[in-house]
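Report on the following structure.
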Amino acid sequence: PGLGIKMAEDVQEYFKLLIPTIDGLEAIVVSDRDGVPVARASSSSVPQLALKPAFLTTFTMATEQASKLGLSQNKSITCMFKSHQVVHFNCHPVVVTLIARDTANTGSLLGLEQELQQAVRDLKGAVELP
């Protein structure tokens with residue numbers, strides 16, 4: 001396999017090991033700005049709609065709107081739903097999305113930012129900028 005594919009596989013394996021360490025974390029997805037998944041790992045209980053590009057691209061749209069507030073580019077967006085929460089991290093040019101049950105500790109999810117930035121560092125070079 002190509003270098004980009006190998007990196008994505010390594011990141012996916014790392015995510016599979018990371019998910020059980022955070023209570024309630026159900027999925028970690030790395031996607032490009034268009035919501036196309038580059039790497040992902042998930043449990044069987046994650047809502048499948050949350051893994052689709054149409055959902056994953058919402059961060060790009062939301063961050064563009066938020067940047068118009070004049071507070072510079074945001075680092076993350078957290079969304080709370082009835083049974084789940086979603087944390088999107090801006091790791092330009094990719095987005096890392098965490099999908100967790102609503103009972104998961106949001107601070108623990110946000111605390112993964114640096115670790116996830118490091119994990120996708122090499123993968124970022126494999127994603128082409130528009």
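Counting from 1, the numbers follow the sequence of the chain as shown.
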request  = Please step through side-chain contact (heavy atoms from CB on, under 4.5 Å) for the pair Ile99 and Leu51, ending with a clear verdict.
outcome  = CA-CA 9 Å; Ile99 303 163; Leu51 301 175; 3.9 Å; yes
key: Stepwise side-chain contact (heavy atoms from CB on, under 4.5 Å) test for Val29 and Phe15   = CA-CA 9 Å; Val29 183; Phe15 289 168; over 6 Å; no
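The side chain to side chain donor-acceptor pair (under 3.5 Å) contacts involving residues 81-90 comprise Glu26-His84, Arg33-Asn90, Gln85-Thr106, His88-Thr97, where partners must be two or more places apart or lie in separate chains.
Distance NZ/Lys75 to CD/Gln117: 8.5 Å, rounded to 0.5 Å. For the atom pair CG (Asp23) and OG1 (Thr103), the distance works out to 6.5 Å, reported to the nearest 0.5 Å.
Across all their heavy atoms, Val86 and Phe55 have their closest contact at CG2-CZ, 3.8 Å. For the residue pair Phe89 and Phe59, the shortest heavy atom distance occurs at C-CZ, 4.4 Å.
Clustering ILVMFWY residues whenever any of their side-chain heavy atoms sit less than 4.5 angstrom apart, transitively, puts Leu110 in a cluster other than the one holding Ile77. Note: the hydrophobic cluster containing Leu112 also contains Ile19 (ILVMFWY, side chain heavy atoms under 4.5 Å, direct or indirect links). Cluster annotation: Val38 and Ile28 are assigned to the same hydrophobic cluster (Ile/Leu/Val/Met/Phe/Trp/Tyr, side-chain heavy-atom contacts under 4.5 Å, transitive). The cluster map of Ile, Leu, Val, Met, Phe, Trp and Tyr, joined by side-chain heavy atoms under 4.5 Å apart, puts Leu56 and Leu25 in different clusters. Two different hydrophobic clusters hold Tyr14 and Val46 under the rule that ILVMFWY side chains link at heavy-atom gaps under 4.5 Å.
For Asn105, the CG atom counts as densely surrounded, since its 6.0 Å shell holds more than 12 non-hydrogen atoms of other residues, nucleotides or ligands.
Residues Pro53 and Ser31 fail the side-chain proximity criterion, which asks for heavy atoms closer than 4.5 Å.
Under the 3.5 Å distance criterion, the side-chain polar atoms of Thr57 are left unmatched by any main-chain donor or acceptor of Ala54. Counting only distance, with no hydrogens or angles, the side chain of Gln12 and the backbone of Ala41 share no donor-acceptor pair below 3.5 Å. Within the 3.5 Å criterion, the main-chain N or O of Thr60 finds no donor-acceptor partner in the side chain of Thr63.
By the side chain to side chain donor-acceptor pair (under 3.5 Å) test, Gln65 pairs with no residue at all, sequence neighbours left out. Every residue two or more places apart in sequence or in another chain that forms a side chain to side chain donor-acceptor pair (under 3.5 Å) with Lys16 is listed here: Glu13.
Each of Leu98, Val87, Val11 was checked for a side chain to side chain contact (heavy atoms under 4.5 Å, CB included) with Leu116, and the lone residue meeting it is Leu98.
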